[in-house]
Every structure is written in C-alpha cells, then in structure tokens.
Protein chains: 2
Amino acid sequence: MPHDHPDSDCPGCATPDLAFSSHDHAHCATDVLARAEALAAASGARMTPVRKRVLEILLESHKAMGAYDVLQRLAADGFGNQPPVAYRALEFLVEQGFAHRIRRLNAFAACMHPGEAHAPAFLICKSCDAVAEAPAALVRAALDKAAAAIGFVVERSNIEALGLCPSCLESGK
Amino acid sequence: MPHDHPDSDCPGCATPDLAFSSHDHAHCATDVLARAEALAAASGARMTPVRKRVLEILLESHKAMGAYDVLQRLAADGFGNQPPVAYRALEFLVEQGFAHRIRRLNAFAACMHPGEAHAPAFLICKSCDAVAEAPAALVRAALDKAAAAIGFVVERSNIEALGLCPSCLESGK
DNA sequence: TTATGTATGTTATACTATAACCAGTCAACC
DNA sequence: GGTTGACTGGTTATAGTATAACATACATAA
Ligand SMILES: [Zn+2]
Ligand SMILES: [Zn+2]
Ligand SMILES: [Zn+2]
Ligand SMILES: [Zn+2]
C-alpha cells in the first residue's frame with residue numbers, strides 16, 4: 001500500500017501493515033495524521049481541533065478505543081466531556097475514512113490507510129489487543145459470491161477476526 | 001444442507017436457505033426446534049423451559065431480536081423479567097450452536113442449521129430485516145489466507161453483510 | 001438424605017449510544 | 001454593515017445494551 005510521502009525511507013511504504021510489528025510508531029502516526037489532514041483539506045472536509053485531537057488519540061496506538069475512553073482524553077484536554085462530543089468526532093472520522101468502527105469491540109481505530117480505497121478485514125489480537133487492517137478484496141469477492149448464490153446483493157459488510165498476532169504467537173501467549 | 005427428518009417433503013431438505021423465500025415457516029420452525037432438542041438431549045445439554053421458549057421466540061421469524069425484546073416476551077410468559085434471564089438463555093443457545101449473535105445489530109437469531117458444523121456469513125436485508133446464513137467456508141478460507149499473509153492466526157471471526165434480499169430486490173425496495 | 005452443582009430469579013450497576021436544544025462561528029448574500 | 005443559514009461544538013437528558021453479585025430453587029448423585 002504505497003502512499004505519497006516526503007521521506008523515501010518511510011516504513012509505511014515498505015511493509016503492508018505495521019500494527020503487529022515493532023516500528024517507529026511516532027513516524028507512523030504523524031505520517032497517517034498528515035495524510036488525513038491533506039485529504040481533508042483537498043476534499044473540503046473540516047478537520048477541526050476536536051476532530052484532529054480524536055484522530056491523534058486513536059493514533060497513539062494500534063489498538064481500538066471505546067468512545068468513552070476517547071471522551072475522557074478529550075475532557076482532559078479541555079474539550080467537552082459529554083458523550084456526543086466524542087461520538088460526533090468519531091462519526092466524522094469514520095465518514096471521512098480516517099477511522100474504522102470495530103463492531104466486535106464497540107470501539108474505534110484509526111485507519112492506517114486513509115485515502116486508499118479499501119474495505120479491510122480487521123484482525124484483532126486477543127492477547128495484545130492490537131488491531132490491523134488486512135486487504136480483504138478477495139474475502140469480499142468470496143462473500144459477494146456466497147451471497148449471490150442465494151440472490152442476495154451485498155452493500156456493506158464487516159469482516160472481523162479474533163486471533164493471535166505474529167508477535168504474540170512467537171512469545172507464546 | 002440435508003438433515004434427518006421424518007417428512008420426505010421437508011422444504012428445508014430441498015433449498016439452501018429459506019430465510020428470504022416464502023415458505024411453510026411453521027414447519028421450518030418446528031423442524032429446527034426439534035433438531036435442536038434432539039441435539040441437546042444427545043449431548044446432555046439441558047434444554048430447560050426458558051431456554052426452549054427463547055429459541056421458540058427467535059424461531060418465530062427469520063429476523064434477529066434484541067435481548068430486551070426477547071425478555072419482554074419471556075416476562076409476558078411468566079418467566080423472569082430481568083435482563084440476565086434473557087442474556088443467560090441466549091448465551092446458552094449461542095454456546096450450543098442453536099442461535100447466533102449478530103454483532104452489527106446487537107441482536108440474536110436462531111440458527112437454521114443446528115448440528116451442522118458451520119460458521120456462516122450473515123446476510124442482513126436492510127429492507128425487510130430478515131437474516132440468512134450463507135455457507136462461508138470459502139470466505140473464511142480467503143480470510144485465513146489474508147491473515148496468514150501478515151502472520152496472523154484467526155481463531156474466530158464474524159462476517160456480516162448488509163444488503164438486499166432477493167424478495168426485496170424484486171419488489172424494488 | 002445430604003451434598004453438590006446447575007439453573008433461575010433479583011437487585012444493582014456498568015457500559016454504549018443518541019435525541020434535543022442552545023450558543024458561537026463563519027461565509028454568502030443583500 | 002447587517003442578516004441569513006449552514007455547521008460545529010457544548011449541554012442536558014434519556015435510551016439501549018450488557019454484566020456483576022447475591023439469593024433461591026431444583027436436579028442429580030453419593
Ligand atoms: Zn504504528
Ligand atoms: Zn498480539
Ligand atoms: Zn422459516
Ligand atoms: Zn428483504
């Protein structure tokens with residue numbers, strides 16, 4: 001999944017998904033944030049302070065966060081401390097494709113591939129709670145086919161897997 | 001998906017999934033219920049009155065029901081009227097494979113194929129709310145493969161699709 | 001029979017999400 | 001400049017989903 005980037009050494013350009021590997025996450029996060037801001041500017045979507053802050057909070061780790069966890073952080077930063085503040089910002093980010101909703105966890109995770117058309121499968125490590133996006137074009141193709149076999153037309157779908165990430169597998173958790 | 005059945009004309013034996021087709025649903029429901037009870041008896045799982053009643057309630061239609069809707073029905077039938085009563089029975093049914101949890105809807109649906117090893121994809125019609133189970137072996141194979149590509153091992157997964165069922169497509173909803 | 005585990009019921013509470021209303025901001029328009 | 005209208009964020013209040021913890025009843029088995 002290549003992306004425009006000033007830094008030719010950007011690890012995000014080299015590896016498919018860093019969520020489960022140790023990596024320069026500060027770079028990872030600022031890079032994704034910058035891309036999201038550029039996309040917002042280009043499309044006219046307004047990346048206001050709350051919205052940006054929520055994305056920053058989600059980008060602090062590769063884990064999914066509940067809306068109330070996000071809210072607590074927002075309140076600590078001087079923003080509103082009522083649920084709609086968090087939910088509205090999260091809704092915006094999801095609409096813009098800057099975050100994903102993980103239904104299995106009732107939680108939200110920053111999208112690591114903003115701007116790239118993708119409808120990923122989510123891989124949730126049950127040991128370390130990290131969430132990665134896996135390219136799911138083939139999975140969705142198979143799903144569309146299975147649905148078509150009984151005459152059903154898929155519009156949207158969510159594909160979420162629970163299991164063990166490579167790191168946790170290796171360390172025997 | 002064939003199953004043991006005294007009636008050789010059983011529509012469940014002929015068609016893959018009736019959820020979206022008009023059919024003799026009374027037969028459909030009593031058949032599935034009977035199979036579930038037989039399985040429970042065989043495995044030693046206790047199909048108590050509440051549990052059986054919950055399954056009957058879920059089997060009244062091919063839609064998913066929220067726990068509180070189920071609870072209301074239970075209360076009307078003289079069972080307890082507190083959330084754990086419904087949640088516990090639903091949890092039992094899910095564990096036994098007699099019902100499925102549809103995370104996208106925060107709801108539960110009776111399994112139409114009890115006893116048959118299956119990890120279906122759920123097809124949710126956004127127009128009529130019916131839910132069908134589609135065989136998802138190939139979908140899961142694709143998902144396992146996509147996960148394996150980044151070293152992730154899938155343990156469980158939920159695959160849920162929202163769209164339009166054949167009936168609603170035809171009637172132009 | 002008594003002991004043991006299982007199932008149901010109840011109280012209370014935690015967690016997740018949205019409706020509805022209000023005030024400030026900003027840009028388009030007159 | 002002043003007004004309008006769209007949008008954002010703040011607040012109150014409430015709806016909806018789920019579980020913890022404890023008490024009671026009931027089955028089965030030693
Ligand atoms: Zn990272
Ligand atoms: Zn892990
Ligand atoms: Zn039926
Ligand atoms: Zn339909």
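The structure presented is a predicted model; accordingly, all values stated were derived computationally and were not measured. To find a chain, count down the sequence lines: A is the first, B the second, and so on, and within it residues start at 1.
- The stretch residues 43-58 of chain A has no heavy atom under 4.0 angstrom from DNA chain C at all.
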Open item on the list: In dot-bracket form, 5' to 3', how is DNA chain C paired? Count Watson-Crick and G-U wobble pairs only if both distances fall under 3.5 Å, and write | where the partner sits on another strand.
Closed with: ||||||||||||||||||||||||||||||
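- For residues 62-71 of chain A, every residue pair satisfying the side chain to side chain donor-acceptor pair (under 3.5 Å) rule, not counting sequence neighbours, is listed here: A:His23-A:His62, A:His25-A:His62.
- Judged as a side-chain contact (heavy atoms from CB on, under 4.5 Å), and not counting sequence neighbours, the contacts of B:Ala99 are B:Leu58, B:Leu93, B:Val94.
- For A:Glu56, the side-chain hydrogen bond (donor to acceptor under 3.5 Å, both in side chains) partners are A:Arg53, not counting sequence neighbours.
- Contacts classified as side chain to side chain donor-acceptor pair (under 3.5 Å) and involving residues 78-95 of chain B (residues at least two apart or in different chains) are not found.
- There is a path of hydrophobic side-chain contacts, each under 4.5 Å, that joins B:Val70 to B:Leu55.
- Checking side-chain atoms of A:Arg140 against main-chain N and O of A:Ala119 turns up a donor-acceptor pair under 3.5 Å.
- Bracketed by its first and final contacts, the part of DNA chain D lying under 4.0 Å from non-hydrogen atoms of chain B reaches from D:dT17 to D:dA21 in 5' to 3' order.
- For the side-chain hydrogen bond (donor to acceptor under 3.5 Å, both in side chains) test, residues two or more places apart in sequence or in another chain that qualify with A:Arg73 are A:Glu60.
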Acceptor/donor pairs from residues 37-48 of chain B side chains to any protein atom, 3.5 angstrom cut, sequence neighbours excluded:
{"residue": "B:Ser43", "atom": "OG", "partner": "B:Leu39", "partner atom": "O", "Å": "3.3"}
{"residue": "B:Ser43", "atom": "OG", "partner": "B:Ala40", "partner atom": "O", "Å": "3.3"}
{"residue": "B:Ser43", "atom": "OG", "partner": "B:Ala45", "partner atom": "N", "Å": "3.3"}

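- In this view, B:Phe122 and B:His100 satisfy the ring-ring contact (aromatic ring centres under 6.0 Å, His included) rule, not counting sequence neighbours.
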Open item on the list: Using a 4.0 Å heavy-atom cut-off to protein, can you give one letter per nucleotide of nucleotides 14-22 of chain C, 5' to 3': B if the base is in contact, S if only the sugar-phosphate is, - if neither?
Closed with: --BBBBB--
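- For the pair B:Arg51 and B:Phe92, the distance from NZ or CZ to the six-membered ring centre is under 6.0 Å and the angle to the ring normal is within 45 degrees.
- One hydrophobic cluster, built from ILVMFWY side chains closer than 4.5 Å, holds both A:Phe98 and A:Val85.
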Which pairs of donor and acceptor atoms, one on a side chain in residues 159-169 of chain A, lie under 3.5 Å apart (sequence neighbours left out)?
{"residue": "A:Glu160", "atom": "OE1", "partner": "A:Arg104", "partner atom": "N", "Å": "2.9"}
{"residue": "A:Glu160", "atom": "OE2", "partner": "A:Arg103", "partner atom": "N", "Å": "2.8"}
{"residue": "A:Ser167", "atom": "OG", "partner": "A:Phe20", "partner atom": "O", "Å": "2.6"}

